[in-house]
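Since the structure comes first, as structure tokens, the remarks are kept for the end.
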Protein chains: 2
Amino acid sequence: MTIEKEYSTKLSIDGVTVDRRDVEMLAAIDRRGSMHAAADDLGRSYARLQNRVVEIEEAVGPITERRRGGPGGGGTELTETARDLCRQFDRHDAELDGVARVTESVFSGTVRERTGELATVDSAVGSILALVPDGASEVQVSVRSDAVVLTDPDETPRADGTSLRNRFTGTVDRLESGDAITRVTVELEADRPIQALITNASADRLTLEPGRSIAASFKATAARAIAVDSP
Amino acid sequence: MTIEKEYSTKLSIDGVTVDRRDVEMLAAIDRRGSMHAAADDLGRSYARLQNRVVEIEEAVGPITERRRGGPGGGGTELTETARDLCRQFDRHDAELDGVARVTESVFSGTVRERTGELATVDSAVGSILALVPDGASEVQVSVRSDAVVLTDPDETPRADGTSLRNRFTGTVDRLESGDAITRVTVELEADRPIQALITNASADRLTLEPGRSIAASFKATAARAIAVDSP
DNA sequence: GGTCGTAGTATCTATGCCGATACAACGCCG
DNA sequence: CGGCGTTGTATCGGCATAGATACTACGACC
């Protein structure tokens with residue numbers, strides 16, 4: 001039984017929420033130059049598709065230039081507004097996709113001090129500064145592996161020169177290399193691993209290999225906690 | 001016209017995809033101890049709710065212990081599997097929420113060298129190492145502000161000791177402070193800002209103020225590009 | 001002027017999801 | 001033994017979404 005993280009991407013503008021289907025519709029219109037052809041491409045009915053364009057347009061403003069009659073009988077072209085919208089959707093989608101693909105490291109702990117949205121969490125690997133929801137006491141802190149920075153522990157910690165607020169040392173446990181990216185598992189304490197996604201080039205420069213001592217750091221604003229009722 | 005990033009969280013397990021509604025259902029069952037009471041709480045029909053529990057159970061395995069007859073007429077309790085599922089959903093949801101809340105910095109550029117999923121992108125602020133989708137040439141690279149690390153530029157760059165592969169220097173343009181977190185806008189080139197979310201404490205330690213010279217770094221695996229057809 | 005392919009609009013129908021309802025099964029309890 | 005509150009199951013109807021269909025409007029081009 002494997003659990004896969006999924007999501008669906010949306011943008012909300014003045015009441016309407018445009019989803020992937022809408023963006024694909026706009027892409028098809030752009031590709032084919034007409035709404036009828038786009039509807040054919042997508043296997044959708046022209047009527048619904050046209051209604052949807054108008055619906056979005058009422059909230060967002062002109063996203064198409066539609067001509068009826070004329071050369072070729074007419075046609076529809078996207079405005080720059082529509083292209084911007086699609087790009088923004090794509091960027092948001094790419095970020096969400098990142099969250100779904102990337103592994104996370106989880107640390108259970110209890111909230112100590114709190115200032116605003118931030119709090120220090122006492123965990124088995126030490127105290128973690130993280131974003132903690134209001135009123136939480138027992139929490140799980142999760143850190144995305146693409147947010148974990150690895151550094152040579154021999155370098156001076158330079159605690160003052162950086163905005164990386166969480167720093168832990170451990171030993172490299174496992175390396176899984178892809179074409180360009182290596183997933184590094186670092187054992188902080190017994191059975192308390194943290195994972196980091198780094199480029200193969202970084203793995204080389206850091207001379208990573210199982211057993212090597214290494215420091216794993218991450219920003220407080222990249223560490224997110226959830227409340228856990230039962231300890 | 002303001003555009004808000006939205007999303008909906010899902011977990012997919014062996015065919016079924018559980019969404020927020022399902023997790024809220026499980027929470028209500030846990031809270032009330034019976035499916036009837038949970039249905040009442042949520043304003044849902046018992047029949048659908050019960051069907052859904054069975055549906056999920058067929059894929060995930062036992063998520064409830066249901067008794068009919070007995071003291072109180074019976075009742076339903078969650079298994080540890082169900083609690084784990086809810087926590088995993090919450091963690092995933094927290095990460096997605098982070099993506100939707102956080103600002104992103106966007107850099108347009110063209111793909112130069114590529115190795116696997118990574119590529120260097122030439123942009124107005126210099127070359128960026130980022131995750132680039134296959135076949136893309138003109139791209140936009142987006143970087144989440146909670147992935148940007150600020151460092152004192154006077155510190156030795158230590159290009160070898162870290163897995164931070166992208167490093168740019170600029171001047172602090174703007175500080176927006178909350179209770180615990182400051183959003184810093186750094187001007188890399190004219191009209192090419194990058195934003196960083198850091199703790200107020202870090203902002204103090206770095207003695208940030210408009211005009212100060214600062215270095216902004218981020219990991220290659222935290223920079224994601226999308227393809228842009230028209231330049 | 002007729003043709004053609006497009007946009008625009010209205011209406012009917014299929015589908016799927018869900019609430020509502022009704023009823024059986026279960027087991028303690030008075 | 002009957003009552004009660006729960007789980008379990010089947011069926012009906014409402015509602016929203018979307019496809020199907022039919023028709024009008026438009027304007028260049030033959």
Side-chain angles (χ1 to χ4, degrees), chain A residues 8 10 12 15-79 81-82, chain B residues 8 10 12 15-79 81-82:
Chain A
S8 72
K10 295 169 190 166
S12 171
V16 292
T17 71
V18 346
D19 57 8
R20 170 170 280 107
R21 199 168 190 247
D22 294 320
V23 171
E24 280 169 359
M25 174 182 75
L26 292 178
I29 292 173
D30 193 32
R31 191 169 56 241
R32 299 297 304 271
S34 94
M35 298 171 78
H36 265 106
D40 274 359
D41 260 28
L42 300 172
R44 296 183 56 182
S45 75
Y46 168 82
R48 291 289 148 191
L49 189 142
Q50 195 269 351
N51 281 343
R52 184 59 182 160
V53 167
V54 172
E55 209 172 312
I56 297 176
E57 215 147 40
E58 276 167 3
V60 180
I63 57 170
T64 55
E65 279 180 7
R66 311 198 286 281
R67 304 178 313 276
R68 55 178 170 181
T76 299
E77 287 183 1
L78 297 190
T79 63
T81 307
Chain B
S8 73
K10 295 169 191 167
S12 173
V16 292
T17 71
V18 346
D19 58 9
R20 169 170 281 107
R21 199 169 191 244
D22 294 321
V23 171
E24 280 167 0
M25 175 182 75
L26 292 178
I29 292 173
D30 193 32
R31 191 167 57 240
R32 299 296 304 272
S34 94
M35 298 171 78
H36 265 106
D40 274 359
D41 261 29
L42 299 172
R44 296 184 56 181
S45 76
Y46 168 80
R48 292 288 146 192
L49 190 142
Q50 195 270 351
N51 281 343
R52 185 59 181 160
V53 168
V54 172
E55 209 172 311
I56 297 177
E57 216 148 38
E58 276 168 2
V60 180
I63 58 169
T64 55
E65 279 179 5
R66 311 197 286 281
R67 303 178 312 277
R68 57 177 170 182
T76 300
E77 287 182 1
L78 297 190
T79 63
T81 307

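Side-chain atoms are counted along with the backbone in the values below, which use heavy atoms only and exclude waters and symmetry mates. Source: prediction; values computed, not measured. So that the names make sense, note that chain A is the first sequence line, chain B the second, and so on, each numbered from 1.
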The correct set of residues in residues 24-41 of chain A placing a heavy atom under 4.0 Å from DNA chain C is A/S34, A/M35, A/H36
Expected output is a numbered-order residue list: members of residues 57-65 of chain A with a heavy atom under 4.0 Å from any atom of DNA chain C. What is it? none
Identify the two heavy atoms, one from B/A39 and one from B/S45, that lie closest to each other, and give their separation to 0.1 Å. CB-C, 4.1 Å
side-chain hydrogen bond (donor to acceptor under 3.5 Å, both in side chains) with A/T79: which residues, sequence neighbours excluded? none
Does A/E55 have any side-chain hydrogen bond (donor to acceptor under 3.5 Å, both in side chains) partners at least two apart in sequence or in another chain, and if so, which? A/R52
Can you name the residues that form a salt bridge (Lys or Arg N to Asp or Glu O under 4.0 Å) with A/R48, not counting sequence neighbours? none
For A/R21, check side-chain contact (heavy atoms from CB on, under 4.5 Å) against everything at least two apart and list the hits. A/D19, A/R44
When every nucleotide of nucleotides 9-22 of chain C is labelled 5' to 3' by its protein contacts under 4.0 Å (heavy atoms), B for base, S for sugar-phosphate only, - for none, what sequence of letters results? BB-------BB-B-
Interatomic distance, A/E55 CD vs C/dG8 C1' [rounded to whole Å]: 15 Å
Which atom of B/L78 lies closest to which atom of B/L26, heavy atoms considered: CD1-O, 3.4 Å
Please write out each protein N/O paired with an N/O of nucleotides 28-30 of chain D under 3.5 Å, distance rounded to 0.1 Å.
none

List the residues meeting side-chain hydrogen bond (donor to acceptor under 3.5 Å, both in side chains) with B/T81, not counting sequence neighbours, and say none if there are none. none
Output for pair (B/D22 CG, B/L49 CG), nearest 0.5 Å, gives 9.0 Å
Could you pull out all residues at least two apart from A/E57 that satisfy side-chain contact (heavy atoms from CB on, under 4.5 Å)? A/V53, A/P62, A/I63, A/T64, A/R66
Holding to side-chain hydrogen bond (donor to acceptor under 3.5 Å, both in side chains), I want the full list of residues that pass it with A/R68, two or more places apart in sequence or in another chain. none
For the OG1 atom of B/T76 and the CG atom of B/D30, what is their distance to the nearest 0.5 Å? 11.0 Å
Listed partners of A/R32 passing side-chain contact (heavy atoms from CB on, under 4.5 Å), at least two apart: A/A37, A/D41
With respect to the phosphate group of C/dG27, does any side-chain polar atom (N or O) of B/R67 fall under 4.0 Å of OP1 or OP2? no
Minimum heavy-atom distance A/S8-B/S8, with the two atoms named: OG-OG, 2.7 Å
What is the distance, rounded to the nearest whole Å, between atom CZ of B/R68 and atom P of C/dA24? 13 Å
